[in-house]
Amino acid sequence: MTFELNENDLRGYDDNKQLIGRISFTIINDNQAIAVEHTWVEDNHRNQGIAKSLTEYLINQVIEKKQTILPLCPYTKFYFSEHPALSELIYTPKQK
């Protein structure tokens, strides 16, 4: 799979350059965090680890940019619940 990171989404493509998965997000907190809103995988590519690969790629980009993630998407929430060692990457809005 090849990845394409854009301003508001991450796309995954198969070897034929067909879109097979996507994570949509919004940059928040003055570019210090991203709010992951939705993870989508093409029907005939589900249950093959595509969502996991996309999520892990995005997490690596967040680490590299020293950002955090606000997991709004059910899959992203699940991923973080399965990987508690990554909890320091979760963005927590400060109360005013």
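- Heavy atoms only, all atoms of each residue included: Thr76 and Pro71 are closest at CG2-CB, 3.6 Å.
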Counting only pairs under 3.5 Å, give me each side-chain donor-acceptor contact of residues 27-41, with atom names and distances, residues two or more places apart or in other chains.
from  : atom 1 : to    : atom 2 : distance (Å)
Glu37 : OE1    : Thr26 : OG1    : 3.4
Glu37 : OE2    : Thr26 : OG1    : 2.4

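- The closest side-chain heavy-atom distance from Ile69 to Tyr91 is not below 4.5 Å.
- Judged by distance alone, with hydrogens and angles left aside, the side-chain atoms of Asn8 form a donor-acceptor pair with the main-chain N or O of Phe25 at under 3.5 Å.
- When the ring pair (Phe, Tyr, Trp, His ring centres under 6.0 Å) test is applied to Phe3, the partners found at least two apart in sequence or on another chain are Tyr57.
- Under the 3.5 Å distance criterion, the side-chain polar atoms of Asn16 are left unmatched by any main-chain donor or acceptor of Gln18.
- Annotation: the span from Arg22 atom CZ to Ile50 atom CD1 amounts to 16.0 Å, rounded to 0.5 Å.
- At a threshold of 4.5 Å between side-chain heavy atoms, the hydrophobic network of Ile, Leu, Val, Met, Phe, Trp and Tyr places Phe80 and Ile63 in one connected group.
- One hydrophobic cluster, built from ILVMFWY side chains closer than 4.5 Å, cannot hold both Ile23 and Leu72; they sit in different ones.
- We find the CD1-CZ distance between Ile20 and Arg46 to be 12.5 Å, quoted to the nearest 0.5 Å.
- Judged as a ring pair (Phe, Tyr, Trp, His ring centres under 6.0 Å), and not counting sequence neighbours, the contacts of Tyr79 are His83.
- Leu10 and Ile59 end up in the same hydrophobic cluster when Ile, Leu, Val, Met, Phe, Trp and Tyr side chains are linked at under 4.5 Å.
- Shown here for Glu88 and Ala85, the closest heavy-atom pair between the two residues is OE1-O, 2.6 Å.
- Shortest non-hydrogen contact noted between Leu19 and Glu42 is O-OE1, 4.2 Å.
- Between His45 and Asp14, the shortest heavy-atom distance links the atoms NE2-OD2, 4.2 Å.
- Side-chain contact between Thr2 and Asp15: absent, with no pair of heavy atoms (C-beta onward) separated by less than 4.5 Å.
- Annotation: the span from Met1 atom CE to Gln48 atom CD amounts to 10.0 Å, rounded to 0.5 Å.
- Side-chain atoms of Arg11 and Asn6, non-hydrogen and from C-beta on, do get closer than 4.5 Å to each other.
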